[in-house]
Amino acid sequence: MTAKTSRRALTSLRVVVLIVGAIVMVTPFLYMLSTSFKPQAYVLTTPPQFIPDPFTFDNYVQAWTTQDFSLYAMNSLIVAVIATGLSVLFSSMMAYAFTRFEFPGREWIFRILLIGLMVPAMMLIIPQFVLAKYFGLLDSLAGLIVFYVAGSLALNTFLLRGFFAALPAELDQAMQMDGANAWTRYWKLALPLARPALATATIFTFLACWDEFAWALTIINSPQNRTLPIAIQLFQGQNATQWGLVFAASVIAIIPVIVVYLIFQRHFVQGLTSGAVKG
């Protein structure tokens with residue numbers, strides 16, 4: 001077998017693996033989308049039908065108008081947007097400081113920060129609850145935002161630090177010689193050049209905040225402060241579950257995530273690669 005033939009065979013194998021992987025990943029989403037357009041009586045038919053027959057929008061109408069679903073969606077949007085903006089802003093400041101400033105214990109502080117990536121989120125529920133109670137953040141959207149921001153800082157700082165480290169230090173030095181202070185160099189030089197990494201951090205953070213369930217369920221008691229994952233869980237009854245409503249609500253919940261990805265996807269792959277490889 002020649003080298004050219006071997007390369008073709010390897011390429012064909014990669015294509016087959018990618019196609020199989022894509023089918024495995026897309027099939028559950030297509031089934032969820034299909035089921036969301038089925039009447040309840042046809043949801044659990046055997047064998048499963050991917051093409052709804054009959055076709056109905058009633059699940060979407062009922063999901064949006066039942067149990068203040070629209071209010072919960074707005075709460076999730078407010079929390080996710082604010083938490084994402086604050087997290088990306090603070091983590092970009094920290095990452096820039098770690099790469100451009102010399103201060104005692106810089107490397108040790110960064111390593112301690114990364115410990116947050118090694119601790120499972122569920123292990124922090126109890127200490128977080130105690131802190132939230134002490135600071136009066138229970139049963140409030142502010143309590144969600146504060147801890148979502150804190151929980152995402154480590155990963156975002158890690159990604160952004162790698163990107164900032166790859167930027168030529170000569171650019172900073174040139175601006176500094178022109179009289180630009182640290183804030184000006186960060187705001188007018190580093191951030192515009194770091195758009196790919198910022199897009200990656202934004203997508204990851206928004207997705208994490210939008211989908212988070214455990215912490216929201218732990219501290220939120222008032223119906224007016226519930227978020228979208230809790231709203232979807234309410235459609236699951238103790239004795240029976242209306243899967244058509246659950247899937248319709250899930251499709252609605254996916255739409256903002258897709259929108260955010262489409263906005264930032266042009267920079268996503270480049271930012272992810274830079275943050276993961278360079279440090």
Atom pair CD1/OG of Ile255 and Ser250 - distance to nearest 0.5 Å: 11.5 Å
Min side-chain heavy-atom separation Ile219-Phe147 under 4.5 Å: no
Pairs meeting criterion side-chain hydrogen bond (donor to acceptor under 3.5 Å, both in side chains) with involvement of residues 79-93, two or more places apart: Ser87-Ser152, Ser87-Asn156, Ser92-Tyr186
Minimum heavy-atom distance Ala63-Phe69, with the two atoms named: O-CB, 3.0 Å
Could you pull out all donor-acceptor pairs under 3.5 Å where a side-chain atom in residues 106-130 meets a protein atom, sequence neighbours excluded?
| unit_1 | atom_1 | unit_2 | atom_2 | d |
| --- | --- | --- | --- | --- |
| Arg106 | NH1 | Phe98 | O | 3.0 |
| Arg106 | NH1 | Phe101 | O | 3.1 |
| Glu107 | OE2 | Arg161 | NH2 | 3.3 |

is_close_aromatic(Phe55, Phe57), centroid dist under 6.0 Å: yes
Pairs involving residues 26-39, ordered by first then second residue, that meet side-chain hydrogen bond (donor to acceptor under 3.5 Å, both in side chains) (sequence neighbours left out): Ser36-Tyr60
Side chain proximity check, Met93 to Trp183, heavy atoms < 4.5 angstrom: yes
Approximate separation, where rounding is to 0.5 Å, of Leu193 CG and Leu167 CG: 5.5 Å
Side chains of Leu144 and Asn75 in contact at under 4.5 Å (non-hydrogen atoms): no
Pairwise side-chain contact, Leu234 with Arg226, heavy-atom cut-off 4.5 Å (strictly under): yes
Distance-minimising heavy-atom pair for Tyr148 and Ala216: OH-CB, 3.9 Å
Leu77 and Trp210, any side-chain heavy atoms less than 4.5 Å apart: yes
Ile230 side chain reached by Phe213 side chain, heavy atoms, under 4.5 Å: yes
Heavy atoms from other residues, nucleotides or ligands near CG of Leu13 exceed 12 (cutoff 6.0 Å): yes
